[in-house]
*Asks:* 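First, the structure itself, so that you have it in front of you.
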Amino acid sequence: MIAGDVADALPPNDELAQSFELLADLLQLDGADGFRLNAYRTAAQRIRDSATPVAALALEGKAKQLDGIGKTIEAKIVERVETGEIAALVRLQTAIPVGLVDVMHVPGLGPKTARRLWTDLGVEDLDGLRDAAEQNRISALPGLGEKSEQRILESLARPRADVGADRVLLGRALPLVERLIAHLATHSACERVSEAGSTRRRTETVKDVDLIATSNDSTALLDHFVAFPSVAKVTAHGETKATFVSQDGIAADLRVVSPECYGNLLQHFTGSKAHNVALREEAVRQGLSVSEWGIEDADGSVTTMETEEEVYAALGYAWISPELRENAGELELARRGELPALVDSIRGDLHMHTTWSDGRASVEEMAVAAKAQGLKYIAICDHARRLRDGRLAEQVAEIVAANDRVSGLRVLSGVEVDIRADGSLDMPSELLAERDWVVASVHSGFQDSREKLTTRIVAAIEHPSVDCIGHPTGRKLRQRAPYDLDLDAIFAAAAATGTALEINGQPDRLDLRDVHARAAAAAGVKIVCNSDAHSTRALAYADFAVMQARRAWLTDEQVLNAGSWREVAPRRAGASR
DNA sequence: GCCGTTTTCGGCCCGACTGTTTTCAGTCG
């Protein structure tokens, strides 16, 4: 374990990943070998996806054990920790204007063009790019024309994207996917249609929405696609593919493909890129060449497949659930036929609010809605601070009454308590002990040190009445970074006490995130998938928690509320209390 | 820069689209 003061100084994974991505971008502008750039980008992704701080691993010489990180990159991480910078990165930053990286990322531009704009026109950043385009100096360059110049100006006119701001929450993208599939499926020219891309993999945010379809009349189907009611702008409309931007700013893409290689195409367009690259590399070692059009053997004959199952089978794999396709070990297990049976649904929702605190629906309304969704039990977890001065007793009476009126669903008396700055909880222990289910969460002091926050949460985990830690890292997607925690210490304490950790299904939380939930479960921690609903409609957020659990490789056994309340409840009578 | 049931050297997925070309480089996923 790293001592607190040293750990505080360690760069977080996200910052390290950014450094290597910048290094790759600058090297690319510098004309470096593409495979070298790829190595840095792969390493950056590995670092970002690691559940443990890679800086700490590097200091112990263990970062090399991560796939894609070798001794050179490990040495650079150590250098960053010990000197505060990476010399190679500093050198490049002085040789190449850093603003040129933004220029390179303008859609349609790339490293070669960006470098030419710099050397030939003196463009060093986006402002310089705008000036050059407005003065028609770009179209004067050989190989670039008026269309290029116009497209650059259009790109620059859009609001400057903050980190992740150009990505859309899965919770916004999936409803669009469902409506689009329904829209396409009703058309007579539509034979088969499927979601693809990152929405099919259920990643927490997506860049756009991808669909594929087969059709006996692709022109008619694509016309129907771009006639979707909420289209704001059609950006491409060809014979096999169309793209539009919806009124709420989400880009949607439909490709019409031929039926005989539907399986190859679905597999290809589902990705991820890393998964497909690894799949194809392995295929090459077997003398096969994989593309979206089929699998070519050494003799040059191409076999096409109508289903994904056939594609994977032809390469020696069991079919892989899209949520797992991130090149995170799934190919190896699929080859051995040892993929986990992923959790499919939950039987109870153990975190929701009512009008007794900040929810919009009554206890009974939540119960009726939950029953309609097929749930067998729910825990009403209003904020403890709103249940003082006798209100708790009144709320409990309403829960008892709801149990009488709603059959086939058990309504549990739960609570969500704040974990205070000193690690204590904001409801007296004797009242906590009477609750059926206790969620403890951090709602303040997000800026506290890593050591202090970790100590607070571990104290809550060790409290005999606490069953679960709510939204454990406190992040809000695109709004707020997670607070600084020693997750290994949290996981160890949770495993030791049998306290569960939540995957909070609110689309802007999804907290724990996938790689952390996977690491927690691997450490022996039970996971609970909750909606944290504040209205009846928001009960559906539990589905997003389950999607996240599947991305975390979790099985029914690892998700506590995939079981019945009878299976969950004995924990409370266990020896730890 | 990474990696290794052929290898510590010599590989590293594959194809489509775009704009500007007249055979292709650059970009994208």
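Every chain is numbered from 1 and lettered A, B, ... according to where its sequence line falls, protein lines coming before strand lines.
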*Asks:* Taking all non-hydrogen atoms of both residues, which atom of A:Arg280 and which atom of A:Ser291 are closest, and how far apart?
*Replies:* NH2-CA, 3.6 Å
*Asks:* Atom CG of A:Leu315 and atom P of B:dC14: how far apart are they, to the nearest Å?
*Replies:* 12 Å
*Asks:* What residues form a ring-ring contact (aromatic ring centres under 6.0 Å, His included) with A:Phe225, not counting sequence neighbours?
*Replies:* A:Phe244
*Asks:* Grab the CD-P distance between A:Glu21 and B:dG1 for me, whole Å please.
*Replies:* 17 Å
*Asks:* Write down the distance between CG (A:Leu37) and P (B:dC13), rounded to a whole number of angstrom.
*Replies:* 14 Å
*Asks:* Given the P atoms of B:dG11 and B:dA16, what is the spacing between them in whole Å?
*Replies:* 25 Å
*Asks:* Could you tell me which residues satisfy ring-ring contact (aromatic ring centres under 6.0 Å, His included) with A:His187, sequence neighbours excluded, listed by chain and number?
*Replies:* A:His224
*Asks:* Is it the case that over 12 heavy atoms from other parts of the model lie below 6.0 angstrom from the CZ atom of A:Phe491?
*Replies:* yes
*Asks:* Is any side-chain nitrogen or oxygen of A:Ser291 closer than 4.0 Å to OP1 or OP2 of B:dC13?
*Replies:* no
*Asks:* Could you check A:Glu74 against A:Thr240 and say which one's nearest nucleotide on DNA chain B is further toward the 5' end?
*Replies:* A:Glu74
*Asks:* To the nearest 0.5 Å, tell me how far A:Asn264 CG sits from A:Glu308 CD.
*Replies:* 9.5 Å
*Asks:* Within this structure, what is the CD1-to-P distance between A:Ile212 and B:dA16, rounded to whole angstrom?
*Replies:* 15 Å
*Asks:* Give each protein N/O atom lying under 3.5 Å from an N/O atom of nucleotides 7-12 of chain B, with the pair distance.
*Replies:*
{"from": "B:dC12", "atom 1": "O3'", "to": "A:Glu281", "atom 2": "OE2", "distance (Å)": "3.1"}

*Asks:* When the distance from NZ of A:Lys64 to P of B:dG4 is rounded to whole Å, what number comes out?
*Replies:* 14 Å
*Asks:* What is the distance, to the nearest angstrom, from the CD atom on A:Gln267 to the P atom on B:dG15?
*Replies:* 14 Å
*Asks:* Taking all heavy atoms of A:Thr473 and all of A:Leu485, pick out the closest pair and write down the distance.
*Replies:* CA-CD1, 4.2 Å
*Asks:* Whole Å only: how far is the CZ atom of A:Arg336 from the C1' atom of B:dT5?
*Replies:* 15 Å
*Asks:* Could you report the tightest heavy-atom contact between A:Pro507 and A:Leu169, atom names first, then the distance?
*Replies:* O-CD2, 3.8 Å
*Asks:* Which atom pair, heavy atoms only, marks the closest approach of A:Ala520 to A:Leu512?
*Replies:* CB-CD1, 4.3 Å
*Asks:* Quick check on contacts: within residues 189-204 of chain A, what sits under 4.0 Å from DNA chain B by heavy-atom distance?
*Replies:* none
*Asks:* In whole Å, what is the span from the CD atom of A:Gln65 to the P atom of B:dC2?
*Replies:* 15 Å
*Asks:* Within a radius of less than 6.0 Å around CD of A:Glu332, do more than 12 heavy atoms belonging to other residues, nucleotides or ligands occur?
*Replies:* no
*Asks:* Could you give the distance separating B:dC9 and B:dC14 at their C1' atoms, to the nearest angstrom?
*Replies:* 24 Å
*Asks:* Listing time: all N or O pairs from protein to nucleotides 20-22 of chain B that are below 3.5 Å?
*Replies:*
{"from": "B:dT20", "atom 1": "OP1", "to": "A:Gly145", "atom 2": "N", "distance (Å)": "2.3"}
{"from": "B:dT20", "atom 1": "OP1", "to": "A:Gly145", "atom 2": "O", "distance (Å)": "3.4"}
{"from": "B:dT20", "atom 1": "OP1", "to": "A:Ser148", "atom 2": "OG", "distance (Å)": "3.2"}

*Asks:* Roughly how far apart, to the nearest Å, are B:dG26 and B:dT21 at atom P?
*Replies:* 14 Å
*Asks:* Testing A:Arg41, A:Lys112, A:Arg36, A:Arg115 for side chain to side chain donor-acceptor pair (under 3.5 Å) with A:Gln28, which one passes?
*Replies:* A:Arg41
*Asks:* What's A:Thr42 touching, base or sugar-phosphate or nothing? Going by heavy atoms closer than 4.0 Å.
*Replies:* nothing
*Asks:* B:dG19 and B:dC13: how far apart are their C1' atoms, nearest whole angstrom?
*Replies:* 25 Å
*Asks:* Counting only heavy atoms from other residues, nucleotides and ligands, does the tally under 6.0 Å from NZ of A:Lys476 exceed 12?
*Replies:* yes
*Asks:* Is any NZ, NE, NH1 or NH2 atom of the basic residue among A:Arg130 and A:Asp127 found under 4.0 Å from an Asp or Glu carboxylate oxygen of the other?
*Replies:* yes
*Asks:* When the C1' atoms of B:dC3 and B:dT18 are considered, how many whole Å apart are they?
*Replies:* 35 Å
*Asks:* Would you measure the distance from the C1' atom in B:dT20 across to the matching atom in B:dT27 and give it in whole Å?
*Replies:* 14 Å
*Asks:* Return the minimal non-hydrogen interatomic distance between A:Phe20 and A:Ile73, and the atom names on each side.
*Replies:* CZ-CG2, 3.8 Å
*Asks:* Identify all pairs in which a protein N or O lies below 3.5 Å from an N or O of nucleotides 26-29 of chain B, and state each distance.
*Replies:*
{"from": "B:dG26", "atom 1": "O3'", "to": "A:Thr113", "atom 2": "OG1", "distance (Å)": "3.4"}
{"from": "B:dT27", "atom 1": "OP1", "to": "A:Gly110", "atom 2": "N", "distance (Å)": "2.5"}
{"from": "B:dT27", "atom 1": "OP1", "to": "A:Gly110", "atom 2": "O", "distance (Å)": "3.2"}
{"from": "B:dT27", "atom 1": "OP1", "to": "A:Thr113", "atom 2": "N", "distance (Å)": "3.4"}
{"from": "B:dT27", "atom 1": "OP1", "to": "A:Thr113", "atom 2": "OG1", "distance (Å)": "2.8"}
{"from": "B:dC28", "atom 1": "OP1", "to": "A:Gly108", "atom 2": "N", "distance (Å)": "2.7"}
{"from": "B:dC28", "atom 1": "OP2", "to": "A:Leu109", "atom 2": "O", "distance (Å)": "3.4"}
{"from": "B:dG29", "atom 1": "OP1", "to": "A:Lys207", "atom 2": "NZ", "distance (Å)": "3.3"}
{"from": "B:dG29", "atom 1": "N7", "to": "A:Lys273", "atom 2": "NZ", "distance (Å)": "3.4"}

*Asks:* Can you tell me the Watson-Crick or wobble partner of B:dT8, both distances under 3.5 angstrom?
*Replies:* none
*Asks:* State, without any angle test, whether A:Gln18 and A:Asp14 hold a side-chain donor-acceptor pair at a distance under 3.5 Å.
*Replies:* yes
*Asks:* Taking atom P in both B:dT6 and B:dG1, what distance in whole Å separates the two?
*Replies:* 28 Å
*Asks:* For A:Glu338, does the CD atom have more than 12 heavy-atom neighbours from other residues, nucleotides or ligands under 6.0 Å away?
*Replies:* yes
